[in-house]
Amino acid sequence: MCSRTKPRSSRTGRPRSTEADAAILEATRAALVELGWSKLTMGDVAGRAGVAKTTLYRRWANKNELVVDAVAVLFDELELPDLGSLQADIEHVVLQFAALLERPETKTALMAVVAESTRDAPLRERIRASIVDRQKRLVLTGRRRAQERGELPADRDPEAVDATDDLIFDVIAGAVVHRALVSAEPVDEHWVARLSALLVGGLGAVAALG
């Protein structure tokens, strides 16, 4: 009598629910504002989101990953419409960024993950992959448009281009975060116009270096 092996099921589990993910990330941000990083737990988030704690652990291995993703989706709201000039595009996205940092959930979550990442290398890598690398799309789009308008020269050295993109992102993100969250000074239209003028002039100088 021969034994038959049952065919292996092709199911890999229930598909993820976009609505459940959104509820979990929203609950994470709310818990951070109310409780702070140290008191936040996966169980608390699960209770607020109305899901089982096992649901969270199927999606995120730990609190660090969950909080980074909760912050990352907020930064995905940033947009770069074509306003006709590189300086206008920069001013628009910087004002958006500043408005985002004014929201309590963004401010609390961002400060928490950055502070925690100083002693957690995997968390730093997740921040880079989920927030920094994803938002560099704005730099790439802005630079490409400026080249199409003739405001910046065409790319010559791919390695130099990558380094310039990193520098642009670092300058904008660093300046705005420091101004808004460290110095606690207003990121108003006057300050943004000065920053944008500085960036546009600097980009011309960098392009001349090749």
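Quick caveat: nothing in here was measured; it's all calculated off a predicted structure.
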### Residues which pass salt bridge (Lys or Arg N to Asp or Glu O under 4.0 Å) with Asp82, listed by chain and number, not counting sequence neighbours
Arg149

### Close side-chain approach of Arg179 to Leu195, heavy-atom, < 4.5 Å
no

## Note on the structure
Hits for side chain to side chain donor-acceptor pair (under 3.5 Å) against Glu148, two or more places apart or cross-chain, chain-then-number order -> Arg144

### Message
Using 0.5 Å steps for rounding, measure from the CG atom of Leu110 to the CD1 atom of Ile131.
### Response
6.5 Å

### Message
Given 3.5 Å as the limit, does a donor-acceptor pair link the side chain of Arg59 with the main chain of Leu66, or not?
### Response
no

#### Entry: Which residues share a ring pair (Phe, Tyr, Trp, His ring centres under 6.0 Å) with Phe169, sequence neighbours left out
none

### Query
NZ of Lys107 to CG of Leu32: how many Å apart, nearest 0.5 Å?
14.0 Å

### Message
Hydrophobic clustering (ILVMFWY, side-chain heavy atoms < 4.5 Å, transitive) - are Leu35 and Val71 grouped together?
### Response
no

### Task
Kindly indicate whether the side chain of Arg48, heavy atoms from C-beta on, has any atom under 4.5 Å from the side chain of Asp44.
yes

### Task
Return the set of residues passing salt bridge (Lys or Arg N to Asp or Glu O under 4.0 Å) with Arg119 (not counting sequence neighbours), or none when no residue passes.
Glu116

### Query
Can you list the residues that meet the salt bridge (Lys or Arg N to Asp or Glu O under 4.0 Å) rule with Arg143, with sequence neighbours excluded?
Asp155, Asp165

Residues 180-193, side-chain donor-acceptor partners within the protein, below 3.5 Å, at least two apart:
unit_1, atom_1, unit_2, atom_2, d
Ser183, OG, His178, ND1, 3.3
Asp188, OD1, His190, N, 3.4
Asp188, OD1, Trp191, N, 2.9

### Task
Look only at the side chain of Gln96 and the backbone of Glu79, and say whether a donor-acceptor pair between them is shorter than 3.5 Å.
yes

### Task
List in chain and number order the residues that pass side chain to side chain donor-acceptor pair (under 3.5 Å) with Asp162, two or more places apart in sequence or in another chain; answer none if no residue qualifies.
none

### Path from Val33 to Ile24 over hydrophobic side-chain contacts below 4.5 Å
no

### Task
Could you tell me which residues satisfy salt bridge (Lys or Arg N to Asp or Glu O under 4.0 Å) with Arg137, sequence neighbours excluded, listed by chain and number?
none

### Query
Leu198, Leu152: one ILVMFWY side-chain cluster at the under-4.5 Å cut-off?
no

### Task
For Asp170, enumerate each residue passing the side chain to side chain donor-acceptor pair (under 3.5 Å) test, keeping only those at least two apart in sequence or located in another chain.
none

### Message
To the closest 0.5 Å, what do you measure between CG (Leu140) and CG (Leu80)?
### Response
10.5 Å

### Summary
Residue set satisfying side-chain contact (heavy atoms from CB on, under 4.5 Å) with Thr54, at least two apart, ordered chain then number -> Ala52, Arg58

### Message
On a heavy-atom basis, which atom in Asp89 and which in Gly84 lie closest, and how many Å separate them?
### Response
OD1-N, 4.1 Å

### Query
From Gln135 CD over to Ser130 OG, what is the distance, rounded to the nearest 0.5 angstrom?
10.5 Å

### Query
Do you know the tightest heavy-atom contact between Leu86 and Gly142?
CD1-O, 3.9 Å

### Query
Do Thr106 side-chain atoms and Leu100 backbone N/O form a donor-acceptor pair below 3.5 Å?
yes

### Minimum heavy-atom distance Ser196-Gln87, with the two atoms named
CB-CG, 3.7 Å

List, one per line, each side-chain donor-acceptor pair under 3.5 Å for residues 121-128, sequence neighbours excluded.
unit_1, atom_1, unit_2, atom_2, d
Arg124, NH1, Ser117, O, 2.7
Arg126, NH2, Asp69, OD1, 3.4
Arg126, NH2, Asp69, OD2, 3.1

### Query
Within the side chain of Glu105, is there an N or O that forms a donor-acceptor pair under 3.5 Å with the backbone of Arg29?
no

### Query
Looking at Arg134 and Ala72, what are the two nearest heavy atoms and their distance?
NH2-CB, 3.4 Å

#### Entry: Where at least one partner belongs to residues 61-117, residue pairs that pass ring-ring contact (aromatic ring centres under 6.0 Å, His included), sequence neighbours excluded
Phe75-Phe97

### Query
Can you name the nearest heavy-atom pair linking Ala23 to Ala49, along with the distance?
O-CB, 3.9 Å

### Query
Of the non-hydrogen atoms in Asn62 and Glu65, which two are nearest, and what is the gap between them?
OD1-N, 3.0 Å

### Message
Would you say that Trp60 contacts Val67 through its side chain, given a criterion of any heavy-atom pair below 4.5 Å between the two side chains?
### Response
no

### Summary
Rounded to the nearest 0.5 angstrom, the CD1-CG distance for Ile90 and Leu83 is 11.5 Å

